[in-house]
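Order of listing sets the numbers, starting from 1, for every ligand and every atom in it. The figures that follow rest on heavy atoms only: side chains count, while hydrogens, waters and symmetry mates do not.
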Amino acid sequence: MRPTPHPRDDPEAFRRAFAAEIAETLRRTPRQIPSKYLYDELGSALFEAICRLPWYRIARAESSLLVRHARDIVRSLSRPVALAELGCGSGEKIALLVGAAGEQFTAVHLVDISEAALDMARYRLQAIGMRAIVTHHLAYEQGLTRAVQQRPRHGSLMVLFLGSNIGNFAPPVAREFLARIRRSLRPGDALLLGADLIKPEEELMLAYDDPLQVTAAFNRNLLRRINDELGGDFNLEAFRHQVRWNAAEQRVEAYLVSLRRQHVVIADARLEFDLDEGEAIWTESSHKYDAEQLLREGLAAGFSGGEQWIDQDAKFALTRFSIA
Ligand code: AVJ
């Protein structure tokens with residue numbers, strides 16, 4: 001996949017890439033909008049709100065596992081330990097780990113496509129006494145490459161990929177991503193992966209279609225963004241948020257369903273199309289795993305073993321993959 005330029009770096013290039021990509025995905029059957037476009041400023045704020053909803057337990061379950069098991073998580077790594085988080089967001093989780101492990105990490109590398117998030121994460125880590133902080137305003141892969149190039153000569157590196165962000169990747173893409181992380185690491189290093197587990201359908205429905213409709217707003221914001229940034233004329237009222245559990249594919253799928261027959265124009269994407277009543281635009285997939293399945297995926301990616309910490313109630317797993 002070609003990386004999308006970041007809006008802050010080159011707004012015109014970003015707009016063109018955004019327009020070209022949705023012009024293609026909205027012509028598919030079913031019509032689609034890539035989930036990475038959910039995270040503009042408003043979308044990121046809505047996601048932060050989602051993480052505080054009682055029905056969406058991923059963020060809280062992961063944070064408490066990190067705090068409870070911090071020492072075990074870093075125990076077997078050779079000293080000194082450097083950390084690199086892919087998609088650190090505001091740095092809440094890495095700060096919890098650093099705070100709870102009670103040791104000096106030699107360096108912390110923060111990778112995120114949001115500069116505001118990087119500023120926040122740096123501030124948070126500084127506040128708890130972390131000094132060697134390197135930020136990489138890049139997509140996951142490019143950021144990982146940079147972090148690895150700049151790693152200290154001695155000791156180990158632990159890569160963090162948290163929040164079940166892996167769930168947005170289709171399984172073959174997830175597998176290749178894990179293998180890529182593995183190839184950039186060396187013996188003694190590790191990957192800490194946070195992934196949401198399969199759970200009863202009612203729980204998934206509440207997590208992704210919450211009674212406060214925050215997730216619905218998060219999803220519909222995609223159309224608002226296309227209207228504002230690409231001259232679209234989506235009528236936000238004419239769509240409803242819909243979530244389906246696809247058991248065969250082990251994923252929650254999110255859609256925006258057209259409530260009536262309508263015509264849509266997206267001027268800057270040079271795109272016009274009709275939507276039937278009930279026609280759905282597919283906007284996100286959140287893949288769910290089995291704890292053992294995660295361990296197998298790690299082995300398939302070339303890691304030599306995995307240790308897990310599981311919240312059995314929220315059904316969420318932290319797995320530390322190691323390299324012998
Ligand atoms: C940030 C991709 C892990 O799939 O659970 C939350 C995004 N979408 N509610 C997820 C999301 C709807 C979230 N990830």
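A salt bridge does not link Arg296 with Glu292: every distance from a Lys NZ or Arg NE/NH1/NH2 to an Asp or Glu carboxylate oxygen is 4.0 Å or more. Salt bridge status for Glu103 with Arg79: present, with a side-chain N to carboxylate O gap under 4.0 Å. Checked for salt-bridge contact, Arg260 and Glu279 miss the test: no charged N lies under 4.0 Å from a carboxylate O. In this structure, Asp313 pairs ionically with Arg57, as a charged nitrogen and a carboxylate oxygen lie closer than 4.0 Å.
At a heavy-atom distance under 4.0 Å, no atom of Val252 approaches ligand 1. With a 4.0 Å cut-off on non-hydrogen atoms, Tyr39 touches ligand 1 through its side chain and not its backbone.
For ligand 1, the atoms sitting less than 4.0 Å from at least one non-hydrogen atom of Ser164 are 3 (C), numbered in the order shown with element in parentheses. Per-residue contacts place Glu284 under 4.0 angstrom from the following atoms of ligand 1 (heavy atoms of the residue considered): 4 (O), 7 (C), 8 (N), 11 (C), 12 (C). Taking every non-hydrogen atom of Tyr208 and a distance limit under 4.0 Å, the qualifying atoms of ligand 1 come out as 4 (O), 5 (O), 6 (C), 8 (N), 9 (N), 10 (C), 12 (C).
For ligand 1, the polar-atom distance check against Thr215 finds no nitrogen or oxygen pair separated by under 3.5 Å.
The protein non-hydrogen atom at the shortest distance from atom 13 (C) of ligand 1 is Tyr56 OH, 3.3 Å. When hydrogens are left out, the protein atom nearest atom 14 (N) of ligand 1 is Asn165 OD1, 3.9 Å; that is the closest non-hydrogen contact. For atom 4 (O) of ligand 1, the closest heavy atom belonging to the protein is Ser286 OG, 2.5 Å. In this structure, atom 2 (C) of ligand 1 lies nearest to the protein heavy atom Asn168 OD1, 3.0 Å. The protein atom (non-hydrogen) at minimum distance from atom 3 (C) of ligand 1 is Gly163 O, 3.0 Å.
With ring centers used as reference points, Phe321 lies 6.0 Å or more from Phe161.
Within the 3.5 Å criterion, the main-chain N or O of Glu141 finds no donor-acceptor partner in the side chain of Arg180.
A cation-pi arrangement, defined by a distance under 6.0 Å to the six-membered ring centre and an angle within 45 degrees of its axis, is absent between Arg60 and Phe316.
Ser76 and Arg320 form a side-chain donor-acceptor contact under 3.5 Å, judged by distance and modelled atom types alone.
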